[in-house]
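The block underneath contains the structure these notes are about, expressed in structure tokens.
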Amino acid sequence: MNTTDVLSNLGLAQATVATVSTVMIIGLGFLHRPSRSALLWSLAFVLAMTSTWVTIMGSIADAEPVRRAGLGLMLGAPALIWSGFRARRGVPAFPWIGGMQAVLTAIAFTAVTDAAAYGLAFRLAFVGAAVFAGLTIGELRRAADRLERLALPLTIVSAGFVAVGAAILVSGLAAPADIGDLALPRVINGLAMLIYLVCATVSLLYFTSVSPTGGHTASTWPHFVITASDRLRRARRAREQSWAVLTVRLDDPTHIRSAAGENGWLRLVTEFEAVVDESFPADADIGRETRGRLVIVLARPGSVIREHVRTTLRRITELDVSDHVDVQLSASVGWVPAESADYDLAALVLAAGEAAAEATRQGGDRWERVRP
């Protein structure tokens, strides 16, 4: 198989992976949990998908400028991924850098006609994209959830991207006479981008599902029910007895909502959910049953759960909500061991809700535990 056939097969593989990855990032990431970071990551994959198909059309039509333009557009994607992590961290994201890099690289690739000049431009552009892969590693190191296993694929592939970029540039500078020979660099570039897309998809789907503090954001109720029910079924088969279901609800939500108004109420609920997110382990499943009421499914010894509950209640009472409402927030928790209802999620949620209601009737800011 010659180089042309290899590049053609790599191009089709890139296009397929980029298309599937784009659908997954948008459908399972951005649409499921919309955020600015998820939007930027979605745009990065849309750009990668578009560029691969443009490149393929250029190759089929034997239109070299079109093919080169597609290659140039692809190299703006790492900058958009970096921008997404900055947006997730709450600092200026500079998304225009990725767009500008894609456009300028595409223009440069189509404008240069001399083989040696194009070879140098290609190598420099690849290094430019590798710089943002390196900056992405820096952003990953700042993230609270950087040590999660699903964060590792993007970290490793970004480091590999930097190494490949440096190698491509050094090889060209070491042999100036062959700087226009891009047969091997183009194969390496195709393989690198293919691996990068796969690893980025895995890690970014994880990062869209958790909050920047490392805790899980509250899932929509249907998604939570599916995930939590599956976990409990597995726990029942394995006869695991450390599983529990908790309901955490704000005390007197009707009065708070009336006093704070709709906008104030939504802000209060957001702060309440953030406290619950941060107070429980990252592997806990958290679902929003209604505004102001979260259900948590987790596996921990009773003493550990007790500390998480105490921390949650204390942090909720310490929230400064004076800008929204002139009352002190408090919450009540209902706690039900999973074996008490044979690991049936619906029955456990009902029992936990009743226990939380009983805690509220007893004055709130406390928990009520149902004994097996």
Side-chain angles (χ1 to χ4, degrees), residues 144 211 213-219 221 224 228 242-341 345-372:
S211 68
T213 58
H216 285 266
T217 56
S219 299
W221 190 250
F224 167 79
S242 60
W243 285 84
V245 174
L246 293 82
T247 290
V248 185
R249 50 179 282 177
L250 283 172
D251 293 326
D252 203 4
T254 303
H255 172 69
I256 295 173
R257 188 169 189 168
S258 176
E262 193 62 27
N263 288 337
W265 164 251
L266 292 177
R267 294 190 185 97
L268 289 173
V269 168
T270 299
E271 294 184 35
F272 159 73
E273 291 183 354
V275 166
V276 177
D277 266 354
E278 295 166 9
S279 300
F280 284 89
D283 60 350
D285 290 307
I286 302 177
R288 183 190 298 113
E289 188 175 14
T290 61
R291 292 285 182 182
R293 183 185 303 175
L294 298 177
V295 176
I296 303 159
V297 175
L298 78 165
R300 289 293 189 280
S303 59
V304 176
I305 295 177
R306 189 179 299 112
E307 287 305 311
H308 288 306
V309 171
R310 285 174 176 166
T311 300
T312 301
L313 294 178
R314 174 180 55 79
R315 292 186 61 186
I316 290 172
T317 59
E318 291 174 352
L319 281 174
D320 181 9
V321 295
S322 56
D323 291 341
H324 310 308
V325 65
D326 190 22
V327 296
Q328 183 183 39
L329 287 188
S330 66
S332 296
V333 178
W335 172 0
V336 185
E339 63 267 24
S340 67
L345 180 65
L348 290 167
V349 170
L350 180 61
E354 292 174 350
E358 178 61 28
T360 299
R361 284 192 293 270
Q362 295 183 23
D365 191 24
R366 56 177 294 151
W367 75 85
E368 187 73 20
R369 184 177 182 182
V370 176
R371 299 293 176 180

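Values in this document were obtained by computation on a predicted structure and should not be read as measured data. All values below come from the heavy atoms of this structure, side chains included, with hydrogens, waters and symmetry mates left out.
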Show the nearest heavy-atom pair for residues [X] and [Y], with the distance to one decimal.
X: Ile316; Y: Val248; result: CD1-CG1, 4.5 Å
X: Asp365; Y: Ser330; result: CB-CB, 4.0 Å
X: Ala228; Y: Leu345; result: CB-CD2, 4.0 Å
X: Leu294; Y: Arg288; result: CD2-CA, 3.7 Å
X: Ala284; Y: Ile296; result: CB-CG2, 4.0 Å
X: Trp335; Y: Arg306; result: CH2-N, 3.8 Å

Rounded distance (nearest 0.5 Å) linking atom [atom1] of [X] with atom [atom2] of [Y]:
X: Leu329; Y: Arg315; atom1: CG; atom2: CZ; result: 13.5 Å
X: Glu273; Y: Arg293; atom1: CD; atom2: CZ; result: 13.0 Å
X: Leu250; Y: Thr290; atom1: CG; atom2: OG1; result: 9.5 Å
X: Arg291; Y: Leu268; atom1: CZ; atom2: CG; result: 12.0 Å
X: Phe280; Y: Ile286; atom1: CZ; atom2: CD1; result: 7.0 Å

Qualifying residue, where the test is side-chain contact (heavy atoms from CB on, under 4.5 Å) with Leu298 and the options are Asp285, Asp283, Leu246 =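 Checked Asp285, Asp283, Leu246 against Leu298; only one passes side-chain contact (heavy atoms from CB on, under 4.5 Å): Leu246.
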Could you tell me if the side chain of [Y] sits less than 4.5 Å from the side chain of [X], heavy atoms only?
X: Glu289; Y: Phe224; value: no
X: His308; Y: Pro281; value: yes
X: Glu271; Y: Val275; value: no

Does the pair Val370 and Glu358 meet the rule for a side-chain contact (heavy atoms from CB on, under 4.5 Å), with working shown?
-> CA-CA 11 Å; Val370 176; Glu358 178 61 28; over 6 Å; no
Glu368 side chain to Ala357 backbone, donor-acceptor under 3.5 Å |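 No, the answer is negative, given that no donor and acceptor are paired below the 3.5 Å cut-off.
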Donor-acceptor under 3.5 Å (Thr311 side chain, Glu307 main chain) |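 Yes: the side chain of Thr311 pairs with the backbone of Glu307.
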